Protein chains: 2
Amino acid sequence: MTPPPAPSDAVAIELNAVLVALTANQPLVLTLEDGTLLPSGPFATEHPTLQSGLRAWVERQTNHPLGYVEQLYTFADRNRPGSDGCQRVVSISYLGLTRERLSAGARDPEWRSWYRYFPWEDWRAGPSPLIAQTILPKLTTWAEAGGDATSRRERQQRVEVSFGDGAETWNEDLVLQRYELLYEAGLVPEAKQPAADPVPGMPMRHDHRRILATGIARLRAKIKYRPVFFELMPPEFTLLQLQRTVEALAGRPMHKQNFRRLIDAHGLVEPTGASSAEARGRPAKLFRFRREVVLERAVLGSKLPLSRPI
Amino acid sequence: MTPPPAPSDAVAIELNAVLVALTANQPLVLTLEDGTLLPSGPFATEHPTLQSGLRAWVERQTNHPLGYVEQLYTFADRNRPGSDGCQRVVSISYLGLTRERLSAGARDPEWRSWYRYFPWEDWRAGPSPLIAQTILPKLTTWAEAGGDATSRRERQQRVEVSFGDGAETWNEDLVLQRYELLYEAGLVPEAKQPAADPVPGMPMRHDHRRILATGIARLRAKIKYRPVFFELMPPEFTLLQLQRTVEALAGRPMHKQNFRRLIDAHGLVEPTGASSAEARGRPAKLFRFRREVVLERAVLGSKLPLSRPI
DNA sequence: TTACTTATACTAAGAATGAGCATTAAAATC
DNA sequence: GATTTTAATGCTCATTCTTAGTATAAGTAA
């Protein structure tokens, strides 16, 4: 059918990592060069697999173990933003979760909240006002400028699917679709023909903001059926701390009682016996993660116990 | 943190495709060389993206459009089965769905039922007897041969999670975990130290059976929230034909009335007005897929209406 | 002591799911 | 032509899962 593929000429392999940590209820991502780049790992190492090489490299750099690693996507587009056109760049990206941050306040590498890059993705205090006030109007203009009637209707439908109506119908998993729609509409500075007035949100170089969007989307989808969020928690924690962590990742508020019922129903935690008196109110019991459940089958039944904002 | 990655020396890029079609209620995969290889596509093409290049290549070869394409995984392990050790091979694999098969009965390329490679994955007629009779005994032996007590318990737990108890608790999505467990236990011919009596199921060269397992697993998971199975259907079909298609992919029987209720509740189809008189009984109405729903939000609520075998 | 937080128990309504009965409509067979 | 067989389709009922609360307990800060 096809001869065995010949070794391709002039291929550069690049590893990109979306490294996530969590501090003060903010989801953080490790960045370089004033927040404009994701860290790139070495490819040709002594390690047998990409994943083990990446893990060792991150652990050496941050002095903390990587709790969870998963491959995100491989980009190899010829006219990929950032490639110079003559050499094909294959970029293999990974998502990694880690428990603690390296030296606080450092620059390069620096941990930054991912909502600086995607401010419209934070709905923890209710629907992001950015969407109804800024994004939807611009996208509607773009949709109405589409060529023929079919194209216009298709654009409108994509806007509606990705962003909902700006209030009730929000799907927090569609991070990547939303970014790509804004990219196509020229509403982010990375676009080929960027508009004069892009939507708020810090850009990155090359296609690193797209890779970050891929990572956030994957993580938001993942926490619904695998309790990976424990990799971001300290060994002991209260249920409210756990809830705030999940809310930070999902970008949405949750119903406290139902959240606890869910965690309990799946046997994710066990009490340590101790209590925390960190906050002002009634002391909360401390829990630890039951490692055994990682091996068990899927959990959390694909639905997070969202609450409607008050 | 790290200098920009230097172009790696001696890297070969290989594209592998898991191309799926469906005929006579069998899920088929395109193979080469007497069923021992998956097709490999060219890498350096005139196309701007890997995906468009793969799509064009497949459509040229099979004379049928590829309905759906998705990236599966990138393997780049140094001691990957099939690599000769000196040159690093990066293998990017894709899943593609297509509607019709090319010339029937052809050899090379040839469409083969994926259950020839994974006979234990077909539970359409109830729990696969292979599991209780052959696989679980062998895996139990392997688990009990583990080094210390901790290792033995961990092995047992992995067997239990991947294969369940051989009867009630079966998760059809864990195709890859099951194959990898059998690989580790030396129970497939591809293993490094294969046992004298591997479990039934046709092997493939290199790591192509692992790639196929990845594709099946991805597809089984995908149909629960995106109706991609329509890409395998003719333009008009009866609801029973649709059910048989989903059953072929998931490898499990479904409850007919509840399956129809689900399809109906999500507005996936619309009647064409015509009826089919293919089978003996009462003629079934013909339906067509409502293309609009592809754009809409997630569907099928993560649960297929399984039925217990009679 | 009072006001305020936070934790935790419990419940009622509604939606989704699992399982099956009953009926209809055609072809095949006697 | 009546009867059997095969499938399609309509409908119900119980159970479980979700949603959205109310109520109460147990601490700290003023």
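What you see is a predicted model, and the numbers here were worked out from it, not measured in a lab.
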Colleague: So, do Thr214(A) and Leu95(A) sit near enough that their side-chain heavy atoms are less than 4.5 Å apart?
Modeller: no
Colleague: Whole angstroms only, please: what is the CZ-C1' distance between Arg252(B) and dG18(C)?
Modeller: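 So the two atoms are 13 Å apart, to the nearest Å.
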Colleague: With under 30° as parallel and over 60° as perpendicular, where do the rings of Phe237(B) and Phe230(B) fit, or are they tilted in between?
Modeller: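 Ring orientation, 0 to 90° scale: tilted.
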Colleague: Choosing from dT8(C), dG27(D), dA8(D), which nucleotide comes nearest the side chain of Lys256(A)?
Modeller: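 My answer, after comparing the listed nucleotides, is dT8(C).
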Colleague: Whole angstroms only, please: what is the CG-C1' distance between Leu262(B) and dA16(C)?
Modeller: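 Interatomic distance, CG of Leu262(B) to C1' of dA16(C): 10 Å.
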Colleague: Given dA8(D), dT17(C), dT6(C), which nucleotide is nearest the side-chain atoms of Leu240(A)?
Modeller: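 So the nucleotide nearest the side chain must be dT6(C).
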Colleague: Starting the side chain at C-beta, find the nucleotide from dT8(C), dG21(D), dA8(D) nearest to Leu239(A).
Modeller: dT8(C)
Colleague: Under a 4.0 Å threshold between the charged nitrogen and the carboxylate oxygen, would Glu160(B) count as salt-bridged to Arg178(B)?
Modeller: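 Not counted as a salt bridge, because no side-chain N and carboxylate O are separated by less than 4.0 Å.
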Colleague: Identify the two heavy atoms, one from Val228(B) and one from Leu97(B), that lie closest to each other, and give their separation to 0.1 Å.
Modeller: O-CD1, 3.6 Å
Colleague: His255(B) NE2 to dT15(D) P: how many Å, rounded?
Modeller: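 Between P of dT15(D) and NE2 of His255(B): 16 Å.
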Colleague: Would you kindly give the CG-to-P distance between Asp264(B) and dA16(C), to the nearest whole Å?
Modeller: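 My rounded result for the distance is 13 Å.
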Colleague: In this structure, how many angstroms lie between the P atom of dA7(C) and the CG atom of Leu286(A), rounded?
Modeller: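 Nearest whole value for this atom pair: 11 Å.
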Colleague: For the residue pair Gln177(A) / Tyr179(A), report whether a side-chain donor-acceptor contact shorter than 3.5 Å exists.
Modeller: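 No pair is found: no donor N or O on one side chain lies under 3.5 Å from an acceptor on the other.
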Colleague: Give the minimum heavy-atom separation between Tyr68(A) and Glu70(A), together with the two atoms involved.
Modeller: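 Heavy atoms of Tyr68(A) and Glu70(A) come nearest at OH-OE1, 2.5 Å.
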Colleague: Hey, are Gln243(A) and Glu247(A) close enough side-chain-wise for a donor-acceptor pair under 3.5 Å?
Modeller: yes
Colleague: In this structure, how many angstroms lie between the P atom of dA16(C) and the CZ atom of Arg260(B), rounded?
Modeller: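 Between P of dA16(C) and CZ of Arg260(B): 21 Å.
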Colleague: Which whole-number value in Å describes the distance from Phe259(A) CZ to dT8(C) C1'?
Modeller: 15 Å
Colleague: Grab the N/O contacts between the protein and nucleotides 10-14 of chain D below 3.5 Å, and write none if there aren't any.
Modeller:
{"residue": "dG10(D)", "atom": "O6", "partner": "Gln257(B)", "partner atom": "NE2", "Å": "3.3"}

Colleague: Rounded off to whole Å, could you give me the CD-to-C1' distance for the Gln241(A) and dT6(C) pair?
Modeller: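 Taking CD of Gln241(A) and C1' of dT6(C), I get 12 Å after rounding.
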